[in-house]
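In listed order, ligands and their atoms are each counted from 1.
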Amino acid sequence: MTDPAIAPLAEAVDTAAMKAEAIPQISETTEITPDQGYDIQAASILRRVDRGEKRIGVKMGFTSRAKMVQMGIDDMIWGRLTDGMIVEDGESISMADYVHPRAEPEIAFLLRKPLAAPVTAAEAMAAVEAVAPAIEIIDSRYRDFKFSLADVVADNCSSSGIVVGAWQSVDADLTNLGMILEINGRPRQIGSSAAILGNPARSLVAAARLSTAAGEPLEAGWIVMAGGATAAEALSVGDYVRNTVQRLGTVGFSVTG
Ligand code: 0L1
Ligand code: MG
């Protein structure tokens with residue numbers, strides 16, 4: 001694929017996200033590699049930045065076995081976060097702004113120092129200012145939430161919203177914290193932070209590696225979403241969604257029509 005082919009595909013995924021309208025998978029009509037998917041992703045984020053949004057970090061995807069099995073993909077992926085994706089803790093989102101949103105329980109890192117690869121897990125954790133319970137709202141722009149690896153990368157790894165709870169100091173051992181995703185008070189997914197690559201710190205190392213390789217090392221003040229600890233749950237109007245992470249606390253949001 002030549003470079004001029006990137007811009008229209010970036011416009012297609014960006015417009016689909018803005019209008020909350022499903023589109024066919026790119027790979028149905030155009031053969032793309034995962035690397036070209038990342039080029040499309042980068043170009044779609046530039047469109048958001050041109051509209052005034054600000055980069056605030058990185059999300060890691062497919063960092064747990066449960067997510068890989070749910071989506072039938074077995075490679076780690078990463079996406080770019082902007083401030084336009086922030087949903088405040090306790091806020092309501094409107095279903096009208098999404099195609100078919102899902103929620104997954106995560107842990108978020110806030111960096112106090114820049115982080116460029118190569119780094120060890122200990123070095124990565126030393127750059128962390130705080131950690132928080134978090135929920136990622138993913139919303140594939142592709143019809144029926146179906147995609148290839150390259151498709152999902154082009155669609156910024158389904159990034160749509162991040163809900164981050166109160167930041168906590170990094171005292172807790174993050175390796176095996178219980179995590180419960182509830183909808184309307186009923187537990188729907190129960191997992192452990194250990195499901196995130198065995199230790200969420202490894203996800204931070206991977207975020208540093210992948211973003212450095214892309215020429216965008218992690219910056220001080222950025223958020224890194226470590227990836228879902230369980231499969232994602234589809235959302236419906238009227239839902240109140242809450243993630244409770246042992247020792248870190250809770251975070252939640254609701255869904256209106
Ligand atoms: O783990 C993730 O956040 C992957 C998101 C991309 C795939 C999906 O939409 O489930
Ligand atoms: Mg996620």
Side-chain angles (χ1 to χ4, degrees), residues 13 16-17 20 22-27 32 34 37-38 40-41 44-45 56-82 85-87 93 98-109 131-165 174 179-181 188-189 191-200 202-204 206-207 210-211 222-235 241-243 245 251-253:
V13 287
I23 56 172
Q25 295 174 51
I26 294 171
S27 58
I32 56 168
Y38 279 110
I40 296 165
Q41 178 192 126
S44 79
I45 293 297
I56 56 158
V58 158
K59 70 158 269 186
M60 296 302 298
F62 297 139
T63 49
S64 71
R65 197 74 215 131
K67 277 291 303 187
M68 289 181 186
V69 169
Q70 182 180 34
M71 304 314 293
I73 287 177
D74 57 9
D75 254 357
M76 215 186 316
I77 54 177
W78 70 286
R80 295 163 167 94
L81 301 176
T82 73
M85 299 172 190
I86 294 173
V87 174
I93 62 165
Y98 298 81
V99 183
H100 33 212
R102 298 179 179 181
E104 49 191 33
E106 301 215 7
I107 286 175
F109 293 106
V131 291
I135 300 172
E136 184 180 20
I137 304 169
I138 52 172
D139 191 26
S140 175
R141 270 51 71 160
Y142 301 119
R143 209 174 283 150
D144 302 325
F145 226 112
K146 293 224 163 65
F147 40 70
S148 68
L149 179 66
D151 285 326
V152 69
V153 164
D155 185 29
N156 198 22
C157 305
S158 308
S159 306
S160 191
I162 61 163
V163 198
V164 178
L174 302 180
M179 296 172 69
I180 304 174
L181 185 76
R188 296 278 282 267
Q189 294 286 340
S192 159
S193 59
I196 306 168
L197 294 180
N199 178 352
R202 292 204 186 117
S203 184
L204 188 56
L210 293 167
S211 55
W222 274 15
I223 292 169
V224 175
M225 295 286 285
T230 69
E233 282 290 323
L235 301 179
V241 185
R242 186 165 72 155
N243 177 24
V245 182
V251 56
F253 69 97

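In this structure, the side chains of Ile138 and Glu104 come closer than 4.5 Å at one or more pairs of heavy atoms. Contact of the Leu174 side chain with the Phe109 side chain is registered, since non-hydrogen atoms from C-beta on lie closer than 4.5 Å. Two residues are said to be in side-chain contact when any heavy atoms from C-beta on lie closer than 4.5 Å; Ile137 and Phe253 meet this criterion. Contact check for Arg188 versus Val241: no side-chain heavy atoms found under the 4.5 Å cut-off. The closest side-chain heavy-atom distance from Met71 to Val152 is not below 4.5 Å.
Side-chain N or O atoms of Asp155 include none that pairs as donor or acceptor with a backbone N or O of Ser140 at under 3.5 Å. Formation of a donor-acceptor pair under 3.5 Å by the Glu106 side chain with backbone atoms of Ile162 is not found in this model. Not one N or O on the side chain of Asn156 forms a donor-acceptor pair closer than 3.5 Å with the backbone of Gly79. Between the side chain of Arg141 and the backbone N or O of Ala16, no donor-acceptor pair lies under 3.5 Å. In this structure a side-chain-to-backbone donor-acceptor pair under 3.5 Å is missing from Glu233 to Gln189.
Around the Mg ion (ligand 2), protein N, O or S atoms at less than 2.8 Å comprise Glu104 OE2, Glu106 OE2, Glu136 OE1.
In terms of protein heavy-atom proximity, atom 10 (O) of ligand 1 is nearest to Lys67 NZ, 2.7 Å. Protein heavy atom in closest approach to atom 9 (O) of ligand 1: Ser158 OG, 2.6 Å. The single protein non-hydrogen atom nearest to atom 7 (C) of ligand 1 is Phe62 CZ, 3.3 Å, given as residue, atom name and distance. Glu104 OE2, 3.3 Å is the protein heavy atom nearest to atom 2 (C) of ligand 1.
Checked against a 3.5 angstrom limit, the closest N/O atoms of Gly228 and ligand 1 fall outside it. Taking distance alone, with nitrogen or oxygen atoms compared against 3.5 Å, Glu106 stays at or beyond that limit from ligand 1.
In this structure, Cys157 has a heavy atom closer than 4.0 Å to ligand 1. The shortest separation from a heavy atom of Lys59 to ligand 1 is under 4.0 Å, placing the residue in contact.
Contact annotation for Val152 and ligand 1: only side-chain heavy atoms (C-beta onward) come within less than 4.0 Å of the ligand.
Remark: ligand 1 atoms within the under-4.0 Å shell around heavy atoms of Phe147 are 7 (C), 8 (C), 9 (O). Atoms of ligand 1 lying under 4.0 Å from any heavy atom of Glu136, numbered from 1 in the order shown and given with element: 3 (O). Close approach of ligand 1 to Gly61 (heavy-atom distance below 4.0 Å) involves ligand atoms 1 (O), 2 (C), 3 (O), 4 (C).
Here the closest non-hydrogen pair linking Val153 and Gly37 is CG1-C, 3.4 Å.
Note: His100 and Phe145 have tilted aromatic rings, judged against thresholds of 30 and 60 degrees for the angle between ring planes.
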